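Notes follow the structure.
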2 protein chains.
Amino acid sequence: MEKSVQYADMLKQKDLKSTPQRMAMLGIMEAKGHADIDEIYQEIKKDFVSISLATVYKNINTLLDAGIIEEIKVPQKKSKFEIVKHKHSHFVCEKCGEVYDVQKPKKLDIELPEGFEPREASVMIVGVCKKCR
Amino acid sequence: MEKSVQYADMLKQKDLKSTPQRMAMLGIMEAKGHADIDEIYQEIKKDFVSISLATVYKNINTLLDAGIIEEIKVPQKKSKFEIVKHKHSHFVCEKCGEVYDVQKPKKLDIELPEGFEPREASVMIVGVCKKCR
DNA sequence: TTATTAAAGGAAAATATTTTTCCTTTAGCA
DNA sequence: TGCTAAAGGAAAAATATTTTCCTTTAATAA
Ligand SMILES: [Mn+2]
Ligand SMILES: [Mn+2]
Ligand SMILES: [Zn+2]
Ligand SMILES: [Zn+2]
């Protein structure tokens with residue numbers, strides 16, 4: 001099934017409208033993998049010349065609330081947003097800033113103090129990507 | 001040796017002055033473990049009634065540049081700052097928002113695509129802390 | 001199709017956050 | 001003690017994000 005149809009369904013399930021602007025934002029995140037506010041805004045302006053930055057922010061928040069996208073906080077740079085998919089970890093290149101998906105660790109052997117209940121873990125690896133070596 | 005003396009030495013090594021405001025900020029981060037801008041500002045105002053928020057920001061940036069403190073990006077909340085010490089991981093309580101130090105994993109079995117060079121990894125565990133269960 | 005209507009978009013204003021400027025004060029040193 | 005560059009304070013500027021208010025439109029159903 002086509003991605004855009006899936007997104008439309010997800011939106012409908014949350015009683016959100018499938019507007020062209022919203023679908024375009026999802027398409028951009030889909031295409032880029034990880035995008036920050038400004039990347040989304042610059043990219044969407046190519047198709048929607050008069051789109052408001054406020055619309056981008058409002059949709060980001062709406063999509064976050066709906067659990068359709070999530071925010072990835074990256075060390076030393078602006079937050080990236082991505083479509084929610086299977087759980088995974090991230091690798092950020094300290095040369096080019098690109099964020100890559102990597103498999104999550106099979107097991108995370110961290111001993112928590114007694115009484116602490118973990119629910120989930122996120123791992124961010126910093127290094128140099130293939131393109132930048 | 002006293003912590004404040006150590007901090008003064010670290011500052012001197014970076015040719016930074018040991019001002020009362022700067023030492024107080026380090027003392028606050030030392031005491032709280034992890035503090036955000038506003039916590040630092042509210043706390044330091046108790047001793048330095050007329051301190052400027054700009055001074056807090058300027059010192060945070062100076063101390064970051066000097067490698068004396070580091071920024072911890074926490075999911076869904078404002079960045080926390082802490083004194084640089086041994087490498088460790090973090091646990092954030094989704095109930096109270098408190099950030100705790102936890103030991104870093106002994107081994108992180110993440111398979112990176114070939115050509116990717118990892119330099120360091122940070123792990124953030126989200127869950128419920130002892131006080132909040 | 002067409003009419004209805006609540007949700008969403010756009011523009012501008014408001015608010016929040018962070019940095020810079022500019023002048024005054026002071027830590028560090030001779 | 002004095003000197004001086006670094007740092008502090010206040011305000012302004014720059015940047016980032018949210019809200020307001022009015023217009024447009026997606027979704028629904030007749
Ligand atoms: Mn990802
Ligand atoms: Mn810590
Ligand atoms: Zn790279
Ligand atoms: Zn807690």
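Model, not experiment: these values are computed from the prediction.
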Using a 4.0 Å cut-off to any heavy atom of chain B, which nucleotides of DNA chain D are the first and last in contact, reading 5' to 3'?
D:dA5 to D:dA11

Suppose we screen for side-chain hydrogen bond (donor to acceptor under 3.5 Å, both in side chains). Which residues come up paired with B:Glu94, at least two apart in sequence or across chains?
A:Arg119

Taking only residues two or more places apart in sequence, or in another chain, which ones meet B:Ser52 in a side-chain hydrogen bond (donor to acceptor under 3.5 Å, both in side chains)?
none

If you measure from CZ on A:Arg22 to CG on A:Leu16, what distance do you get to the nearest 0.5 Å?
5.0 Å

Using the side-chain contact (heavy atoms from CB on, under 4.5 Å) criterion, which residues pair with A:Lys85? Sequence neighbours excluded.
A:Glu82, A:His88, A:Asp101

Looking at DNA chain C, which of residues 52-70 of chain A put a heavy atom within less than 4.0 Å of it?
A:Ser52, A:Ala54, A:Thr55, A:Lys58, A:Asn59

Please report the interatomic distance CD1(A:Ile37) to NZ(A:Lys80), rounded to the nearest 0.5 Å.
11.5 Å

Are B:Val74 and B:Ser79 close enough that some pair of their side-chain heavy atoms sits under 4.5 Å apart?
no

Quick check for you: to the nearest 0.5 Å, what is the distance between A:Cys129 atom SG and A:Glu98 atom CD?
7.5 Å

Mind checking side-chain hydrogen bond (donor to acceptor under 3.5 Å, both in side chains) for B:Asp47 and listing every partner two or more places apart, or none if nothing turns up?
none

Would you list the protein and nucleotides 2-7 of chain C atom pairs, both N or O, that sit under 3.5 Å from each other?
{"residue": "C:dA7", "atom": "O4'", "partner": "A:Lys17", "partner atom": "NZ", "Å": "3.4"}

Any side chain to side chain donor-acceptor pair (under 3.5 Å) involving residues 4-18 of chain A? Give me the pairs, sequence neighbours left out, ordered by first then second residue.
A:Tyr7-A:Glu30

All side-chain contact (heavy atoms from CB on, under 4.5 Å) counterparts of B:Ser122, not counting sequence neighbours:
A:Met124

Where each residue is assigned the nucleotide of DNA chain C containing its nearest heavy atom, which of B:Ser18 and B:Ile37 is assigned the position nearer the 5′ end?
B:Ile37

Here the residues of residues 71-79 of chain B within 4.0 Å heavy-atom distance, strictly under, of DNA chain C are none

When rounded to whole Å, the CD1 to P distance for the pair B:Ile51 and C:dT25 reads 17 Å

In Å and rounded to the nearest 0.5 Å, what is the CZ to NZ distance from A:Phe116 to B:Lys131?
8.5 Å

Among residues two or more places apart or on two chains, list those pairs meeting ring pair (Phe, Tyr, Trp, His ring centres under 6.0 Å) that have a residue in residues 43-80 of chain A.
none

Report the residues that fulfil side-chain contact (heavy atoms from CB on, under 4.5 Å) with A:Val49, sequence neighbours left out, ordered by chain and then residue number.
none

